[in-house]
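Some notes on the structure that comes next.
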2 protein chains.
Amino acid sequence: MDPSQLLKGVLDLAVLAVLREEDGYGYDVLRRLRKAGLDDVGDASVYGTLRRLYNAGLLTSYVVASDEGPNRKYYALNEPGRQRFRESTDTWNSFARTMSELVGETR
Amino acid sequence: MDPSQLLKGVLDLAVLAVLREEDGYGYDVLRRLRKAGLDDVGDASVYGTLRRLYNAGLLTSYVVASDEGPNRKYYALNEPGRQRFRESTDTWNSFARTMSELVGETR
DNA sequence: GCACGGTACCACGCAATGCACAGTAGTGGA
DNA sequence: TCCACTACTGTGCATTGCGTGGTACCGTGC
């Protein structure tokens, strides 16, 4: 099974999850996701997802200068974003439970 | 979150899971998946997935006449299919655990 | 000074896949 | 006769993750 397909529709949730605790910029979100275990996430996927969530009105954004490189575009969850996070988490948990039962959970 | 996107790459596993226990034909697999909790699976998705798995050499197929309607095309797991099921299950479990930790498991 | 690697972001186009929709066809009941 | 249910197929679309390449800034080592 190609792990990249598993991310479909879940990367949104993953990004919201890491932003939920602390604002972050693209490159940072990428690192945090990989550290969390999503080793194969592509950078373009993360930037794309951030833009998508921003355009959907779930994130706010502000630019901060850095002395270690180019400017950083920070993203932060707003209220709709937090709500979406809660909803998506519920959807995910329910879906994951269904799938685990289907394949026969052996935990 | 659109639940349909969650199925991406997982429908294969779900179909393998229901066929693992008993051979089935498309319409039947569809009903079994919906009964298992995947309420929104489209019929075309299931037929398409069955064809894809068959073309990938993971399923065998045979036709059986029915007295309640048209002929039924049964599918069955073969050895590669069973192996794929085991691999995909591992991938899924690992992925699901990672995601659950990310969103903060509240079980 | 300059090449190089790490940081940071973006645009373009592709590929996979679930789905809607339409079509074909058999069976049986109102 | 019409309709609902069963059963399968084909076409085309939308979403979305990713590969690739490009821009640009910074510090280090030569």
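To find a chain, count down the sequence lines: A is the first, B the second, and so on, and within it residues start at 1. Because only heavy atoms are used, hydrogens play no part in the values below, and waters and symmetry mates are left out as well, while side chains stay in.
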remark   = What residues 46-58 of chain B contributes to the DNA chain C interface at heavy-atom separation below 4.0 Å is B:Thr49, B:Arg52
note = Between CG of B:Leu38 and P of C:dC19 the distance, given in whole Å, is 9 Å
Distance (rounded to the nearest 0.5 Å) between B:Leu53 CG and B:Ser61 OG = 12.0 Å
key: Proximal nucleotide (of D:dC18, C:dC19, C:dT7) relative to the A:Val41 side chain   = D:dC18
message = Measuring from the side chain of A:Pro70 (C-beta onward, heavy atoms only), which nucleotide among D:dC25, C:dA20, C:dC9 has the closest atom?
response = D:dC25
request  = Using atom CG of A:Asp43 as one end and atom P of C:dC10 as the other, report the distance to the nearest whole Å.
outcome  = 11 Å
inquiry  = Is it the case that over 12 heavy atoms from other parts of the model lie below 6.0 angstrom from the OH atom of B:Tyr47?
reply    = yes
key: A:Tyr27 OH to D:dC25 C1', straight-line distance once rounded to whole Å   = 13 Å
ask   = Given that B:Ser66 and A:Glu68 both sit by DNA chain D, which one's nearest nucleotide is further toward the 5' end?
value = B:Ser66
message = Regarding A:Asp28 and A:Arg32, does a basic nitrogen lie under 4.0 Å from an acidic carboxylate oxygen?
response = yes
request  = Quickly work out the A:Leu30 CG to C:dA8 P distance and round it to whole Å.
outcome  = 11 Å
ask   = Can you tell me how far C1' of C:dT17 sits from CD of A:Gln5, to the nearest Å?
value = 6 Å
query = If each of B:Tyr25 and A:Ser45 is mapped to the nucleotide of DNA chain D with the nearest heavy atom, which maps nearer the 5' terminus, i.e. the 5' end?
reply = B:Tyr25
request  = Taking the side chain as every heavy atom from C-beta outward, state whether B:Thr89 and B:Leu16 have any pair of such atoms under 4.5 Å apart.
outcome  = no
inquiry  = Donor-acceptor pair, distance only, cut-off 3.5 Å: does the side chain of A:Arg20 make one with the backbone of A:Ala17?
reply    = yes
inquiry  = On a heavy-atom basis, which atom in A:Val41 and which in A:Leu38 lie closest, and how many Å separate them?
reply    = CG2-O, 2.7 Å
key: Of the listed nucleotides D:dA7, C:dA16, D:dG19, the one nearest the side chain of A:Ala44   = D:dG19
request  = Would you indicate, yes or no, if D:dC18 has its OP1 or OP2 atom less than 4.0 angstrom from a side-chain nitrogen or oxygen of A:Lys8?
outcome  = no
key: Salt bridge flag under 4.0 Å for residues A:Glu79 and A:Arg82   = yes
key: Nearest-angstrom distance from the residue atom CG of A:Leu13 to P of D:dT15   = 20 Å
query = Just checking B:Asp28: base, sugar-phosphate only, or nothing, at a heavy-atom cut-off of under 4.0 Å?
reply = nothing
query = Among C:dA16, D:dA7, D:dT15, which is the nearest nucleotide to the side chain of B:Arg72?
reply = D:dA7
key: Interatomic distance, A:Asp67 CG vs D:dT28 P [rounded to whole Å]   = 12 Å
ask   = In whole angstrom, what separates B:Tyr74's OH from D:dC8's P?
value = 9 Å
